[in-house]
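Working notes, structure below.
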Amino acid sequence: MTLDLSTRMQRAAAQLKETSPHTLDGFLKLNEIFESTTLDPHSRETVILTVAARNQCHLCIDMHEAKFSALGPAPSAERLDAVRRFTLQVLAASGAVSDAELDAFLAHGYTRQNALEVVLGIGTYTVSTFANRLTRAA
C-alpha cells in the first residue's frame with residue numbers, strides 16, 4: 001500500500017517528535033529562519049531539493065518537488081542551475097568553495113548573503129534528511 005504524501009509527512013513528523021522532540025524542534029526553528037532569508041522561494045526549494053537528492057531522502061524530494069511546482073514557473077532556469085551547482089560545490093568543499101565558484105554564483109544575481117543562506121539551507125535540510133533516513137521515514 002502506497003501512502004499519500006500528506007500521510008507520509010505526518011508519520012515522519014510524529015515519529016521524530018516521539019523519538020527526539022529536540023531534533024524536530026531544532027529543524028522547525030531552522031526551517032523558519034531559512035524560509036525568511038533573502039533567497040527567493042524557487043532558489044530555496046532548489047537548495048532543499050539538491051540536499052534531499054544528494055542525501056537520498058525520498059520523502060523530502062517528493063514534498064519539495066510538490067512545493068516547487070506549486071510556486072509556478074521559475075523566473076530563470078539558468079539561475080536555479082547556478083544555485084544547484086553552488087549548493088553541491090559547498091557540500092563537496094565543506095564550505096571552502098573557490099573564488100571562481102563563488103564568482104560564478106554571484107554572476108547569476110545572487111549575493112554573498114545568499115551564499116551564506118545556502119549554507120543555512122544545507123544545514124537545515126541535512127538535519128531533516130539525515131533524521132528521515134535514520135528513522136526510516138525517507
Side-chain angles (χ1 to χ4, degrees):
M1 178 175 105
T2 302
L3 299 174
D4 67 28
L5 184 56
S6 177
T7 301
R8 289 170 57 207
M9 290 172 20
Q10 289 171 3
R11 284 188 178 183
Q15 183 177 13
L16 193 54
K17 183 177 181 178
E18 179 182 318
T19 308
S20 178
H22 294 96
T23 302
L24 178 61
D25 188 49
F27 165 71
L28 292 173
K29 287 176 182 176
L30 285 170
N31 189 57
E32 182 180 344
I33 295 166
F34 181 59
E35 289 293 321
S36 72
T37 64
T38 62
L39 279 170
D40 65 273
H42 284 95
S43 293
R44 284 194 307 267
E45 289 303 315
T46 299
V47 171
I48 294 165
L49 284 165
T50 302
V51 173
R54 180 185 181 271
N55 294 341
Q56 299 178 7
C57 180
H58 303 292
L59 175 60
C60 288
I61 292 168
D62 293 347
M63 182 178 4
H64 289 282
E65 281 181 344
K67 190 171 177 182
F68 186 92
S69 293
L71 292 173
S76 168
E78 287 180 10
R79 189 166 193 268
L80 295 181
D81 191 52
V83 76
R84 181 192 62 77
R85 283 191 321 270
F86 185 71
T87 301
L88 290 171
Q89 291 162 344
V90 170
L91 283 160
S94 300
V97 297
S98 69
D99 290 343
E101 290 166 331
L102 179 58
D103 289 345
F105 177 68
L106 299 175
H108 284 87
Y110 291 106
T111 65
R112 291 181 181 275
Q113 179 177 348
N114 293 151
L116 289 169
E117 292 167 348
V118 167
V119 172
L120 175 62
I122 289 169
T124 301
Y125 279 87
T126 297
V127 170
S128 176
T129 59
F130 282 19
N132 285 338
R133 293 202 62 192
L134 185 64
T135 63
R136 308 303 189 253

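- Both Ile33 and Val119 are assigned to one and the same hydrophobic cluster, defined by single-linkage of ILVMFWY side chains at heavy-atom distances under 4.5 Å.
- Under the 30°/60° scheme for interplanar angles, the aromatic rings of His42 and Phe68 are found to stand perpendicular.
- Between Tyr110 and Leu39, the closest side-chain pair of non-hydrogen atoms falls below 4.5 Å.
- Of all non-hydrogen atoms in Leu59 and Ala12, the two that sit nearest each other are CD2-CB, 3.5 Å.
- Residues Glu101 and Val90 are not in side-chain contact: their nearest non-hydrogen atoms beyond the backbone lie 4.5 Å or more apart.
- Using a distance-only test at 3.5 Å, with no hydrogens or angles considered, no donor-acceptor pair links the side chain of Ser69 to the main chain of Ala66.
- Taken from OG1 in Thr23 to NZ in Lys17, the straight-line distance is 14.0 Å, to the nearest 0.5 Å.
- Ser6 pairs in a side chain to side chain contact (heavy atoms under 4.5 Å, CB included) with only one of the listed residues (Met9, Gln10, Arg8), which is Gln10.
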- Message: One pair to check against side chain to side chain donor-acceptor pair (under 3.5 Å): Asn132 and Thr129. What are the steps and the verdict?
- Response: CA-CA 5 Å; Asn132 285 338; Thr129 59; over 6 Å; no
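- Ring pair Tyr125/His64 is perpendicular by interplanar angle, where above 60° counts as perpendicular and below 30° as parallel.
- Linking Ile, Leu, Val, Met, Phe, Trp and Tyr whenever their side-chain heavy atoms come within less than 4.5 Å puts Leu28 and Phe34 in one cluster.
- Between Ser128 and Cys57 the shortest side-chain heavy-atom distance does not fall below 4.5 Å.
- Note that the OG1 atom of Thr46 and the CZ atom of Arg44 stand 10.5 Å from one another [nearest 0.5 Å].
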Please evaluate residues Phe105 and Val97 with respect to the criterion side-chain contact (heavy atoms from CB on, under 4.5 Å), reporting the C-alpha separation (whole Å), side-chain torsions for both, the decisive distance (0.1 Å), and the verdict. CA-CA 11 Å; Phe105 177 68; Val97 297; over 6 Å; no
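- Hydrophobic clustering keeps Ile61 apart from Met63 (ILVMFWY residues linked when any side-chain heavy atoms are closer than 4.5 Å, directly or through intermediates).
- Asp103 CG: more than 12 foreign heavy atoms inside a 6.0 Å radius.
- With hydrogens and angles disregarded, no donor-acceptor distance shorter than 3.5 Å links the side chain of Gln15 to the backbone of Ala137.
- Side chain of Ser20 to backbone of Leu16: no donor-acceptor contact under 3.5 angstrom is found.
- Within the structure, the side-chain hydrogen bond (donor to acceptor under 3.5 Å, both in side chains) test picks out the following pairs touching residues 78-87 (sequence neighbours left out): Asp40-Arg79, Asp81-Arg84, Asp81-Arg85.
- Judged by distance alone, with hydrogens and angles left aside, the side-chain atoms of Glu117 form a donor-acceptor pair with the main-chain N or O of Thr38 at under 3.5 Å.
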* Take Asn114 and Val118 through the side-chain contact (heavy atoms from CB on, under 4.5 Å) test and state the conclusion after the steps. => CA-CA 6 Å; Asn114 293 151; Val118 167; 5.6 Å; no
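- Here the straight-line distance linking atom CD1 of Ile48 with atom CG of Asn31 works out to 6.0 Å at 0.5 Å rounding.
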